[in-house]
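This is a predicted model, so every value here is computed, not measured. One-based numbering along the sequence shown.
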Amino acid sequence: MSTALQESDHALSTETLARLREKAQFVRLETIRLIEIAKTGHYTSVFSAAEIFAALYYDVMSVRAGEPRWKDRDRFTMGKGHAAVGLFPILAEYGFIERETLDGYTRLGNPLGDHPDMTKVPGVDFSSGSIGHALSNGAGMAKAAQLAGSPFKVFTLLGDGEMQEGQVWEAALFAAHHRLSNLVAIVDRNGYQLDGKVDDVIGIESLADKWRAFGWETHEVDGHDLAALVPLLRRVKADTARSKPACIIAKTIKGKGVSYMETEPGWHLGYLAPDDAQRAIEEIKSKVI
């Protein structure tokens, strides 16, 4: 399929858009519920990526319910592993883990921790936690698929603070050199990292120009606008004429969906008191992003 694909070729129906918005809402609500069990967690890192999770797992990626080891499944690696609390409920919906397992999130003996462990959690393709390794791993998977003639694609979600890691750019060079057109990197460009604003810690702009200079086809999109995000991901995945890897810079808001988190970067890691949790739940339920 050529790069001349038109936007309308992959436009979302009203029903699909509504369903995906509900799934993003589900990710946010389950994140609050699970962190209530753990008593601490990364709310805002999940909330900025909720639409990305929904787009990938409920529309774009080839994944089979109940078959976490299906050999032709699309692979997903996540640099910002601290957002795993938003991924685990999706894996439960796919039947990769028992729903009851969610209820013991981070408790002693439970396989679900603050970061994903591929040796313990079916459906997790990469154990992440140390920032900067996910793209290298994803590139290795994409190269293996290329050598084996396997049809699967690899999607890697990266934080924008992760762009400060040298290993990311080594992997970017490798992927471009080997023409890994089956690799898609998605940068969650929410503007913040643990220590504050990304560009105050170490500036990363012009980010799109950097990825293009490293040999990647590069796109920018509103990461919360499913009507724009999903068609773009569909087109990138379907494009068999592209000879290079693709990077999507998703412009997002950290804490999206809960107003008092959107304006306070300290919510990178925290715990909601019962009244605040209820307020957040009501706000998430009251609006469709």
Side-chain angles (χ1 to χ4, degrees), residues 24 27-28 30-53 76-89 105-106 112-118 121 124 126-138 156-172 185-207 210-211 223-224 247-273 276-277 280 284:
V27 167
R28 290 185 172 92
E30 279 292 278
T31 294
I32 292 175
R33 185 178 77 86
L34 296 188
I35 293 178
E36 170 65 26
I37 298 168
K39 305 305 181 188
T40 186
H42 298 85
Y43 299 97
T44 57
S45 296
V46 175
F47 292 175
S48 67
E51 281 73 33
I52 298 171
F53 282 137
F76 177 69
T77 68
M78 180 166 57
K80 46 180 290 178
H82 50 283
V85 64
L87 175 62
F88 295 146
Y105 171 65
T106 70
L112 307 180
D114 194 46
H115 291 73
D117 187 335
M118 65 184 293
V121 186
V124 171
F126 173 60
S127 303
S128 55
S130 182
I131 298 298
H133 298 171
L135 190 61
S136 293
N137 191 277
T156 297
L157 177 62
L158 306 167
D160 50 357
E162 196 168 359
M163 300 299 95
Q164 298 160 354
E165 293 279 353
Q167 186 172 338
V168 170
W169 300 104
E170 293 178 40
I186 305 166
V187 180
D188 182 4
R189 183 65 166 119
N190 62 37
Y192 285 90
Q193 59 192 96
L194 177 61
D195 294 329
K197 290 184 177 180
V198 170
D199 292 317
D200 287 344
V201 178
I202 297 179
I204 61 174
E205 292 294 349
S206 173
L207 188 57
K210 286 183 172 70
W211 282 96
H224 299 301
C247 175
I248 295 173
I249 299 172
K251 298 177 181 179
T252 63
I253 297 173
K254 196 156 186 175
K256 181 68 172 178
V258 178
S259 55
Y260 62 82
M261 289 186 177
E262 294 176 8
T263 58
E264 176 47 66
W267 278 109
H268 176 87
L269 178 66
Y271 171 67
L272 287 166
D276 290 327
I284 291 169

Quick check: do [X] and [Y] have side-chain heavy atoms less than 4.5 Å from each other?
| X | Y | answer |
| --- | --- | --- |
| R189 | E205 | yes |
| Q193 | I202 | no |
| R28 | V258 | no |
| F53 | M78 | yes |
| I284 | I32 | yes |
| F47 | N190 | no |
| Q167 | S130 | no |
| H82 | H115 | yes |

Where is the tightest heavy-atom contact between [X] and [Y], given as atom of each residue plus distance?
| X | Y | answer |
| --- | --- | --- |
| G79 | S128 | O-CB, 4.3 Å |
| V27 | G86 | CG1-O, 3.7 Å |
| P116 | A84 | CD-CB, 3.5 Å |
| I253 | S48 | O-CB, 3.4 Å |
| P89 | L34 | CG-CD1, 4.0 Å |
| V198 | G161 | CG2-N, 3.9 Å |

CG of D195 to CD of Q164: how many Å apart, nearest 0.5 Å?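 Between D195 CG and Q164 CD, I get 9.0 Å after rounding to 0.5 Å.
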
How long is the straight-line distance from CD1 of I204 back to CG of D160, given to the nearest 0.5 Å?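 Here the interatomic distance stands at 5.0 Å.
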
Distance-only, no hydrogens or angles: does the [X] side chain make a donor-acceptor pair with backbone N or O of [Y] under 3.5 Å?
| X | Y | value |
| --- | --- | --- |
| T252 | D188 | no |
| S127 | M118 | yes |
| D114 | G41 | no |
| K254 | H268 | no |
| E262 | G257 | yes |
| Y260 | D276 | yes |
| K80 | S45 | yes |

Aromatic ring pairing W211/W169, orientation class (parallel under 30°, perpendicular over 60°, tilted between):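 Aromatic pair W211/W169 classed tilted.
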
Mutual orientation of the aromatic rings belonging to W267 and Y43 [parallel < 30°, tilted 30-60°, perpendicular > 60°]: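 Taking Y43 first and then W267, their aromatic rings stand perpendicular (interplane angle over 60°).
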
Begin with the C-alpha distance, continue with both residues' side-chain angles, and end with the deciding distance and a verdict on side-chain contact (heavy atoms from CB on, under 4.5 Å) for D117 and V124. CA-CA 7 Å; D117 187 335; V124 171; over 6 Å; no

Are any of the side-chain nitrogens in E36 or R33 under 4.0 Å away from the carboxylate oxygens of its partner?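 No, E36 and R33 are not salt-bridged.
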
Can you tell me if K251 has over 12 outside heavy atoms packed within less than 6.0 Å of its NZ?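 Open: at most 12 neighbouring heavy atoms sit under 6.0 Å from NZ of K251.
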
Pick one: which of L135, T156, L158 meets side-chain contact (heavy atoms from CB on, under 4.5 Å) with T77?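 Among the candidates, only T156 passes.
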
Give the C-alpha distance, both sets of side-chain angles, the deciding distance and a yes or no for side-chain contact (heavy atoms from CB on, under 4.5 Å) between H42 and V85. CA-CA 8 Å; H42 298 85; V85 64; 5.6 Å; no

